[in-house]
Amino acid sequence: MILPAWFHAVNNAPDPLKPLKNQKALVTGANSGIGEACALALGAAGADIVVNYVSRPEEAERVVGLIKQSGSRALAVRADVSREDEVQAMFAQMLKEFGTIDILVNNAGLQRDARFHEMTLEQWNTVIAINLTGQFLCAREAVREFLRRGVVPEVSSAAGKIICMSSVHEVIPWGGHVNYAASKGGVMLLMKSMAQELAPKKIRVNSIAPGAIKTPINRAAWETPEAEAELLKLIPEGRVGVPEDIARTAVWLASDASDYVTGTTLFVDGGMTLYPGFATGG
Ligand code: NAD
């Protein structure tokens, strides 16, 4: 039977509730905080998800279970993102199980804080290796697959999408955390340089710069009422963010709704980068 053209048009129209249907996504550091929320949101939007983790496999399996409840496939894969061999093995496993990758969320990150004169080389190297080199290693493997496969128009108008989890500290200097701020400043130009080089191949690369989001990484900054009150002085919107604020942004950046967006950082920070002190001073 020959089906009329309208039938194909209706059948192939993107489902507004599942904008990432038939896409495969890898989220690093997806067993906690922002990465977990991104993995759940991309899964709910229709993508199959690799839940990367480095420790606490039971938390990764919990996230896998939640994604499966939304009807998407999910798989937990252990890899330290700062280790080239482990990153390559993780991508090999993903390609074997899911066939390809369409979306990478480069989320894994940590802090090792110290006053500048007391910071050890180990603290410096650990943060740069995971927050910056880890993003390079994962992006490189993803791009190799995007270039090999190219655009599949029924799946997405892009050959691939990379979302780098940066921070407001890609632009706000942060005393006591110079390793972290340097790593996120590095992520900014890693992202922009990749975006410039890869745009002709229809690969989109963007960053999300969260402000203060309630997760384990910054528990001390919001756990007590006193600490939260101090933190709120830096946030014009008057609330500390939640991981879902970031996850919603990641879904949009991964979808064709943002087809003409590449090489940009979306600040999701309740206005933290608006120099709030100048609202009353200056
Ligand atoms: P989190 O501690 O809850 O999550 C970090 C995740 O990264 C964890 O799953 C952890 O296991 C994983 N990870 C750490 N080292 C890893 C490694 N070597 N290999 C693989 N995974 C590793 O913290 P979060 O707040 O959800 O942080 C996620 C990202 O968001 C980080 O890149 C962080 O810098 C960024 N960020 C967070 C905030 C915030 O306020 N929470 C603000 C700005 C940016």
Side-chain angles (χ1 to χ4, degrees), residues 23-36 38-39 42-43 47-57 59-61 63-64 67 73-112 122 124-149 158-167 179-180 182-184 186-195 197-198 201 203-208 217 250 253-254:
Q23 301 200 41
K24 317 293 175 196
L26 188 157
V27 183
T28 64
N31 63 346
S32 175
I34 291 171
E36 170 179 341
C38 288
L42 295 174
D48 294 333
I49 312 287
V50 167
V51 174
N52 160 255
Y53 68 97
V54 69
S55 58
R56 294 178 298 121
E59 289 298 302
E61 288 304 335
V63 176
V64 163
I67 294 168
R73 292 171 68 198
L75 178 72
V77 181
R78 194 204 159 276
D80 177 339
V81 296
S82 67
R83 297 279 310 264
E84 185 177 33
D85 55 342
E86 295 186 19
V87 168
Q88 288 180 332
M90 170 169 69
F91 274 81
Q93 192 177 344
M94 178 170 187
L95 298 194
K96 187 164 159 268
E97 304 275 347
F98 285 177
T100 192
I101 177 169
D102 303 284
I103 300 157
L104 167 67
V105 182
N106 252 338
N107 167 78
L110 46 62
Q111 292 179 213
R112 291 287 180 269
E122 209 262 327
W124 172 269
N125 280 341
T126 299
V127 171
I128 298 295
I130 293 167
N131 294 13
L132 181 57
T133 308
Q135 294 218 13
F136 158 70
L137 288 171
C138 293
R140 191 186 59 178
E141 294 311 308
V143 166
R144 285 175 175 168
E145 171 61 10
F146 297 160
L147 292 174
R148 185 202 64 76
R149 194 205 53 234
K161 283 89 52 162
I162 297 176
I163 298 164
C164 300
M165 206 54 72
S166 183
S167 162
N179 46 2
Y180 185 84
S183 74
K184 298 299 187 181
V187 165
M188 175 176 67
L189 277 175
L190 169 68
M191 177 277 287
K192 285 179 188 283
S193 303
M194 283 195 295
E197 183 174 334
L198 298 165
K201 302 289 182 192
I203 296 168
R204 295 194 295 112
V205 191
N206 292 287
S207 286
I208 299 174
I217 209 174
L253 278 177

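The structure presented is a predicted model; accordingly, all values stated were derived computationally and were not measured.
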So, are Glu84 and Arg140 salt-bridged, with charged N and O less than 4.0 Å apart? yes
Under a 4.5 Å cut-off applied to non-hydrogen side-chain atoms, are Leu132 and Val187 in contact? yes
Just wondering, do Val87 and Cys138 contact through their side chains at under 4.5 Å, heavy atoms? yes
So which of Ile203, Ile103, Leu253 actually passes side chain to side chain contact (heavy atoms under 4.5 Å, CB included) with Lys161? Ile103
Side-chain donor/acceptor of Asn31 to backbone N/O of Ser55, under 3.5 Å: yes
Just to verify, which of Asn106, Asn107, Val27, Asn131 counts as forming a side chain to side chain contact (heavy atoms under 4.5 Å, CB included) with Met165? Asn107
Approximate separation, where rounding is to 0.5 Å, of Ile130 CD1 and Arg112 CZ: 6.5 Å
Could you give the distance from CD1 (Ile101) to CG (Leu26), rounded to the nearest 0.5 Å? 5.0 Å
For side chain to side chain contact (heavy atoms under 4.5 Å, CB included), just list the numbers for Arg83 and Met90, CA-CA rounded to whole Å, side-chain angles, deciding distance to a tenth of an Å, and then say yes or no. CA-CA 11 Å; Arg83 297 279 310 264; Met90 170 169 69; over 6 Å; no
For a quick test of reading the model, state the closest non-hydrogen atom pair linking Ile217 to Gly109 and the distance between them. CD1-O, 4.1 Å
How long is the gap from CD on Gln135 to OG1 on Thr28, to the nearest 0.5 Å? 7.0 Å
Pair Lys24 + Asp48: basic N to acidic O under 4.0 Å: yes
Do Val63 and Tyr53 make a side-chain contact, defined as non-hydrogen atoms from C-beta onward lying under 4.5 Å apart? no
Min side-chain heavy-atom separation Ile162-Phe146 under 4.5 Å: yes
Could you check Glu122 against Thr126 for side chain to side chain donor-acceptor pair (under 3.5 Å), going step by step and ending with a plain yes or no? CA-CA 6 Å; Glu122 209 262 327; Thr126 299; 3.3 Å; yes
Just checking Arg149: does its CZ atom have more than 12 heavy atoms from other residues, nucleotides or ligands closer to it than 6.0 angstrom? yes
With a 3.5 Å distance limit and no angle check, can you tell me whether Arg56 reaches the backbone of Ser32 through a side-chain donor-acceptor pair? no
Ignoring hydrogens, what is the shortest heavy-atom contact between Tyr180 and Leu110? Give both atom names and the distance. CD1-O, 3.5 Å
Rounded to the nearest 0.5 Å, what's the gap from OG on Ser167 to CD1 on Ile208? Could you check? 12.5 Å
Rounded to the nearest 0.5 Å, how far does SG of Cys164 lie from CE of Met194? 4.5 Å
Can you see which heavy atom on Ala254 is nearest to which on Ile163, and at what distance? N-CD1, 3.9 Å
d(Phe91 CZ, Glu145 CD) to nearest 0.5 Å is 9.5 Å
Which atom of Ala108 lies closest to which atom of Gly29, heavy atoms considered: CB-N, 3.9 Å
Met188 side chain near Lys184 side chain, heavy-atom distance below 4.5 Å: no
If you draw a 6.0 Å radius around NZ in Lys201, do more than 12 non-hydrogen atoms from other residues or ligands fall strictly inside? no
